[in-house]
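Structure first, then comments.
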Amino acid sequence: MPGSSARRRFLKQVVAGVGLPGVALASRLAFSHDMPGKTPDRQTRFALLVGNGLYPAPYDLPPVHKNVFDLAQALAYRGFDVTQALDLDAASFEQTLTEFIARIASVPDALTLFYYAGHGMQVNASNLLLGSGSSPKLAKPDLLAQSVILQNNLLARLPQRDSAVNITVIDACRTDIRAAVGDADGLNQVEAPLGSMVCFSTAAGRPAVSPASPDQNTFYTASLVKKLRELPDHTTFAELFQLVKVDVEQTMLNFPVEAIRQLAQVPFIADNTRRKVALAWHKPGAGDRLERVATDEEKTRWAALQPIYWPVDLIRDAQQFLSDYPDSALRDQVGLVLEGAKRALSILRSNEVHLYKSSFTTPQKTDTSLEDLSRAGRGDKDAAARIGHGYRQLGGEVALLRFEGWMQFAAGLGNGIASYDLALYYRDTGQALLAAQAEARARALGYVPPRSLGHERK
């Protein structure tokens, strides 16, 4: 479709239907450390929100500032000490990141959230967050010089430990929809470091829609703000972002403008956190609401779901829970389990995946955790890949067969990096056709491997 007359007609529908960025906003830099709802004596939650909306016309992004302001209020409601930074060039952006990382390093059990709204793209497989004032149509060397590199400047510098919870949220307008050009790639898939969760507003390699009005949020941030406000306090942050993903997909697929339905975003999540943290922490007396509380019986049934790993059993028990307790305070969580298990089962039934019920047991002599096994049964593509890598480290024929099956499963769930790792394995073992197929699958899933000698992923 890129470059075709059909694509041009389609893009005109987008412009006519919802509008696109076109209003330049005044450049400003604002910091706030005293948001309503903060509890300094107990503060272990820190957020840095960067909103770059000021770019050369016609690439300015009017909703970005509203995104930052609205999200700041929603995060303050959940106990975050929020720093807002607007329209940062690359140098200011990097300095702000450095200060934020230094600050959180002194709080070992901090919950951190970094949010970026603005232009994002990939160059040479690296994800770039473009500094304010720079055109997204610059030559690649200039883009690199005028951007922050997500992997190097942020993800690699965050604390990597089991107790860490570092959340990175990128709501980037990845391709210029109006320009009808096919040379702009969306962000590349990433692996989340230990203790981190990485969330993109749309799938790797795909565009995110940006309204033309400064009085509107982008679809993803609107959902994130809404869910932060309305979800029960016991909801974990991992569950929050899964529910945001569902909400964004449903909102856009049911949008009254056909062009938006065709551009419906499927948010990307890479989760490698081990610690579960509930939302909670809104300021008492500030918009408190009565919340349904789970009964002891519901809590017992929910606890009984946790050690179940096989998707067929998960589907059965989750469906029974929702039938027995349709109005439960835990219905959102059980619904996520049900939908994830359904997706996992559909992939396991594929002829391309050689993984069976016997595989959903705790591997001996590997680093695979029960948590990863639980997540994999619920459709977590990254947990499946981690299990696969654990088997490969074991070595031996049986373990390598398990490695192959788990990586096929991870790729089927959408993990392009796992598919590329599988391609390298096939290449090393002289299976050229399978290697080519796995590499093609990786690219179709939005993963672009870094360029290196021997084509090895570094």
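All residue numbers refer to positions in the sequence shown, counting from 1. All heavy atoms count here, side chains included; hydrogens, waters and symmetry mates do not.
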Can you tell whether the side chains of Asp81 and Arg103 come within less than 4.0 Å, N to carboxylate O?
yes
Go through the side-chain N and O atoms of Asn67 and Tyr220 and say whether any donor and acceptor fall under 3.5 Å apart.
no
When the side chains of residues 240-247 are checked against the rest of the protein, which donor-acceptor pairs come out under 3.5 Å, sequence neighbours left out?
| unit_1 | atom_1 | unit_2 | atom_2 | d |
| --- | --- | --- | --- | --- |
| Lys245 | NZ | Glu249 | OE2 | 2.8 |
| Asp247 | OD1 | Lys226 | NZ | 3.2 |
| Asp247 | OD2 | Ser223 | OG | 2.8 |
| Asp247 | OD2 | Lys226 | NZ | 3.1 |

Under the criterion side chain to side chain contact (heavy atoms under 4.5 Å, CB included), I'd like the reasoning laid out for Glu404 against Tyr426: C-alpha separation, chi angles, the key distance, then a yes or no.
CA-CA 9 Å; Glu404 187 175 354; Tyr426 286 141; 2.7 Å; yes
With no hydrogens and no angle check, do the side chains of Thr273 and Asp271 hold a donor and an acceptor under 3.5 Å apart?
yes
side-chain contact (heavy atoms from CB on, under 4.5 Å) with Phe200: of Ile269, Val169, Asn127, only one passes, and it is Asn127
With rounding to the nearest 0.5 angstrom, report the CG to CD1 distance, Leu129 to Ile149.
9.5 Å
Have Asp89 and Ser132 got a donor and an acceptor in their side chains that come within less than 3.5 Å?
no
Minimal non-hydrogen separation, Ala85 against Thr96, with atom names:
CB-CG2, 4.4 Å
When every non-hydrogen atom of Ser147 is compared with those of Ala90, the smallest separation belongs to N-CB, 3.8 Å
Is it the case that the side chains of Thr221 and Asp171 hold a donor-acceptor pair, with the cut-off being a distance below 3.5 Å and no angle test?
yes
Trace of the side chain to side chain contact (heavy atoms under 4.5 Å, CB included) decision for Val50 with Phe114
CA-CA 8 Å; Val50 176; Phe114 168 77; 3.8 Å; yes
Against the six-membered ring of Phe403, is Arg392 placed for a cation-pi contact (under 6.0 Å from the centre, within 45° of the normal)?
yes
Do Arg229 and Tyr77 form a cation-pi contact, if we require the NZ or CZ to be under 6.0 Å from the six-membered ring centre and within 45 degrees of the ring's axis?
yes
Hey, are Ser374 and Glu371 close enough side-chain-wise for a donor-acceptor pair under 3.5 Å?
no
Closest non-hydrogen contact found for Gly405 with Val353 is O-CG1, 4.1 Å
Do Thr112 and Arg45 pair up side chain to side chain, a donor and an acceptor below 3.5 Å, judged on atom types alone?
no
Excluding sequence neighbours, so at least two apart, what forms salt bridge (charged side-chain N to carboxylate O under 4.0 Å, His left out) with Glu439?
Arg427, Arg443
Modelled atom types, side-chain donor and acceptor of Gln146 and Ser134, under 3.5 Å:
yes
With Leu130, the side-chain contact (heavy atoms from CB on, under 4.5 Å) member among Tyr59, Tyr55, Phe93
Tyr55
Closest heavy-atom contact between Pro62 and Ser213?
CB-C, 4.0 Å
For the residue pair Phe409 and Trp406, categorise the inter-ring angle as parallel (less than 30°), tilted (30 to 60°) or perpendicular (more than 60°).
perpendicular
Of all heavy-atom pairs between Arg78 and Asp233, which one has the smallest distance, and what is that distance?
NH1-OD1, 2.7 Å
With sequence neighbours excluded, tell me which residues meet salt bridge (charged side-chain N to carboxylate O under 4.0 Å, His left out) with Arg441.
Glu352
